[in-house]
2 protein chains.
Amino acid sequence: MDPVSTQHVAEFRQFNRYFTRRIGALDDHYLGQDRPLGEARLLFEIGDGVSLRELRTRLGLDAGYLSRMAKTLQAQGLVRISVHPHDSRLRMVELTRAGRIELKEQNRRADALAAGLLDGLTTAQRDRLTEAMSTAQRLLRLAAITVAPVDGAAPDARACLDAYAADIDARFPEGFDRSDLVRPEEVSGEAGAFFVAYEEGRPVGCGALRRLEPRVGELRHVWVHPDARRLGLARRLLTALEREAAARGFTVLRLDTHASLTEAQAMYRSGGYTEIPPYADHVYGDHWFEKRLSGPVS
Amino acid sequence: MDPVSTQHVAEFRQFNRYFTRRIGALDDHYLGQDRPLGEARLLFEIGDGVSLRELRTRLGLDAGYLSRMAKTLQAQGLVRISVHPHDSRLRMVELTRAGRIELKEQNRRADALAAGLLDGLTTAQRDRLTEAMSTAQRLLRLAAITVAPVDGAAPDARACLDAYAADIDARFPEGFDRSDLVRPEEVSGEAGAFFVAYEEGRPVGCGALRRLEPRVGELRHVWVHPDARRLGLARRLLTALEREAAARGFTVLRLDTHASLTEAQAMYRSGGYTEIPPYADHVYGDHWFEKRLSGPVS
DNA sequence: CATAATCTTTGACTTTAGTCAAAGGATCGC
DNA sequence: GCGATCCTTTGACTAAAGTCAAAGATTATG
C-alpha cells in the first residue's frame, strides 16, 4: 500500500478538528443535559434487552464502572435488570417504559440540535452535505476493515460460509446446497487459503483460494456481509486473494459465478477477468471467468 | 428556509455518531498520552502568544480552571506567562522552546494516528475521502454562518468595509480610494441597509443596499473574507440583500463591478442579473448589472 | 477621581470518569 | 465432580474536569 501523503494527513486532521470541536462537543453537551454523559450513552446503547457483557465490550467499559452505572439507572427507574435466562452469570438490561420515554426525549433533543445545524442550508446544499458525509463514512469504514488469512476450519471462516450459504440460498431461485461449499482442508495449508474481512472485530466478508491444478487456482465464496456492501470491500478481498495466489506461484485464476449476481460479474470484469467456457461442471455456476496473473505482486 | 427533512437529520446524526465514536474518541485518547487532555488541548491552542482571555473565550473554560492549567504548564517549563504590554490585567502565554518541541511531538503522534487510519485505502480512495471531507466542511461552515442587518456605523460594519477597501486596493491595478465607500447614513434607516455575515462571532462578509431613486436600489460592497470564500457565502448575502430590497418595495436592483472580479460577475449573472449600460460614473466600475425583482420574497 | 467593570488568582468544593483487586455465584471442560 | 474460567458486584481509590465565590490588581467611564 502507498505511504499516506502529508497532504492527505493534513486535510484529514483539519476536518477532524473542525468536526469534533463544532459538532462532537456540542452533541455531547446537549445529549447529557441533566444526566452524566456516560449514563446517557448507556441509555442509548440499551435497545431492548442487552447483556451487561455485550455493553461492556461494545463500549469498552470497566466491569465495576458499568455495574454501578446500570444500578444508578435502575434506581432511577429507567432500566430493568434481570438474570439471563440461559446463563445465570449474565445480567440482562432493558429499558422500562420510563426509560423509553427518556430515550425518546434524548433523541428529540439530538434531532433538534442536528436540524438547527442544517437550518441555514438550502435543500440542495443539505443533499450535497448528506452525500459527502455518506461518502466519507463509507471510505472510513472501508479503511477500518482488515483482511486476514485464517484457517479454513476456524469458527470465523465457518460463520462466514454459513452466512454466505444462507445468502445465496435466498437469492438463487433453485436454492443452494451446502455440500457445494469448500471443505476446510481444501483451503488450508498447501491446498489453498481462506481470507476473512473484519470490521471492529466482527467478520464481515470472506473469500477462498483453492488449487485446481498445478499453477492454476480457483477463487470461491467471495462474499460480503449485507451491512458492509457498497464499500469496495469485495475488491479488497479480491486483491488479497490475487496477491496470495501470486505468492503461491499460480499463473491463472479461475472462478464461476451466477447470472443473478450482476454486480459481481461487473467487478470481475473490471478487475481484469475475462469470460471463458466452463472448466468444470459446478451446479451453481453459469458464468465462468479467468485471469492471468503477472507474477508475484509486491 | 425550508424545514429540515427527517431524512437529512437521520443521516447527519448517523455520521456524527460514527465519526465521534471512531475518530474523535481515538484522537482524544492519543493526543493526551502522558498529559491530561485539557492541558494537551491548551498547548495546542497556544500558538505564539495568546492572552488567557482569548483562550478562555475560545475554549469556553472557567477562568480559575484555565489559570491553574496554565500554571501547571508553566511549572513544566512548556510555556512562559507574562503581562500584556498594553493592559496589565491580561496575561500573555507563549510556548517556550521545550513547549514547541512537545507540541511537535504531539503533532507527530496525531499525524501518525491519521496516517494509520488512512492506511488501508488506495490513493484514489484517499483522494475521494479528502474531497468528501472538504465538501462536508465547507457546507458545515456555511451552515454556521449567519447574516444579520447592522447599522452602517457599527464597528463590525466599518471593519468589513476597511477589509473590503484593503482587499480591493490590493487587487485593482489602479488601487482603491476609500472615499468611494458608502457613508454610514447611506445605508441606515430609510436610505438603505447593511448586512454583515458572522462566523462564530467574527464578521466574515458584508453587503450594502442603497436607495438610488424611487423603487430602484443599488447593491454595493458585497465582500467575503478570504478565509470564508468558496463556501457560497456571497450568494447568501445576495439573497439577504434582495429580500431586504423587495421588502422595501424596490423593483429594480443595480450594481457595478470590476472587470478583474470574474467570479463576482459569474455569480451575478447566474443570480438573474443582466448586464446594462453604465447608470452612473463610478470610478471603479466597468461592468454594470441590473435585476428586476418580482415582488416581496416571503 | 470615585465607581464600575474587567481579568486573573486562589481556596474550597463537587462531579464524573475510571481503575484495581477481592470475592461470590455460575458454567464449562475434562 | 472438581478446578478453571467467566461474569458481576462491591469496596477502596485516584485523576481529571469543572464550578463558585471572594479578593486583588488594573483599566474604563461618567
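Predicted, not measured: the structure shown is a model, and the values here were computed from it. In what follows, chains are A, B, ... by sequence order, proteins preceding strands, each numbered from 1.
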Please report the interatomic distance [atom1]([X]) to [atom2]([Y]), rounded to the nearest 0.5 Å.
X	Y	atom1	atom2	value
B:L95	B:I101	CG	CD1	11.0 Å
A:L42	A:L78	CG	CG	10.5 Å
A:L59	A:Y65	CG	OH	10.5 Å

| request: May I ask you to decide whether A:R202 forms a salt bridge with A:E199, counting only side-chain N to carboxylate O separations under 4.0 Å? | output: no

Write down the distance between [atom1] ([X]) and [atom2] ([N]), rounded to a whole number of angstrom.
X	N	atom1	atom2	result
B:H86	D:dT27	NE2	P	12 Å
A:D87	D:dT5	CG	P	17 Å
B:E39	D:dG18	CD	C1'	14 Å
A:L42	C:dA17	CG	P	11 Å
A:R89	D:dC7	CZ	P	6 Å

| request: Using a cut-off of strictly less than 4.0 Å, decide whether B:R91 has a side-chain nitrogen or oxygen near OP1 or OP2 of C:dT9. | output: yes

| Can you list the steps and then say if B:E94 with B:R100 is a salt bridge (Lys or Arg N to Asp or Glu O under 4.0 Å)? | CA-CA 10 Å; B:E94 55 181 336; B:R100 269 192 294 275; over 6 Å; no

| said: Heavy atoms within less than 4.0 Å of DNA chain C: which residues of residues 64-80 of chain B have one? Give them sorted by number. | reply: B:G64, B:S67, B:R68, B:K71

| query | Is there a residue in residues 50-61 of chain A whose heavy atoms reach under 4.0 Å of DNA chain C, and which residues are they? | reply | none

| message | If you count every heavy atom of other residues, nucleotides or ligands that lies below 6.0 Å from B:D48 atom CG, does the total exceed 12? | response | no

| query | When we call it a touch if two heavy atoms are under 4.0 Å apart, what does A:D62 touch: a base, just sugar-phosphate, or nothing? | reply | base

| remark: Terminal axes of the helix from C:dC1-D:dG30 to C:dC30-D:dG1 (5 end pairs apiece), angle rounded to 10 degrees, sit apart by 30°

| task | Please confirm whether the backbone N or O of A:L103 pairs with a side-chain atom of A:R108, one donor and one acceptor, at under 3.5 Å? | result | no

| Check: A:V224 and A:L237 side chains under 4.5 Å, non-hydrogen atoms | yes

| task | Starting from the 5' end of DNA chain C, give me the residue, B:L90 or A:S88, whose nearest nucleotide shows up first. | result | B:L90

| request: Carefully, step by step, assess A:R41 and A:E45 under the rule salt bridge (Lys or Arg N to Asp or Glu O under 4.0 Å). | output: CA-CA 6 Å; A:R41 270 204 285 255; A:E45 292 284 338; over 6 Å; no

| remark: Closest heavy-atom pair, B:R91 versus B:V83, reported as atoms and distance to 0.1 Å, is NH1-CG2, 4.1 Å

| query | Side chains of B:Q106 and B:R35: donor-acceptor distance under 3.5 Å anywhere? | reply | no

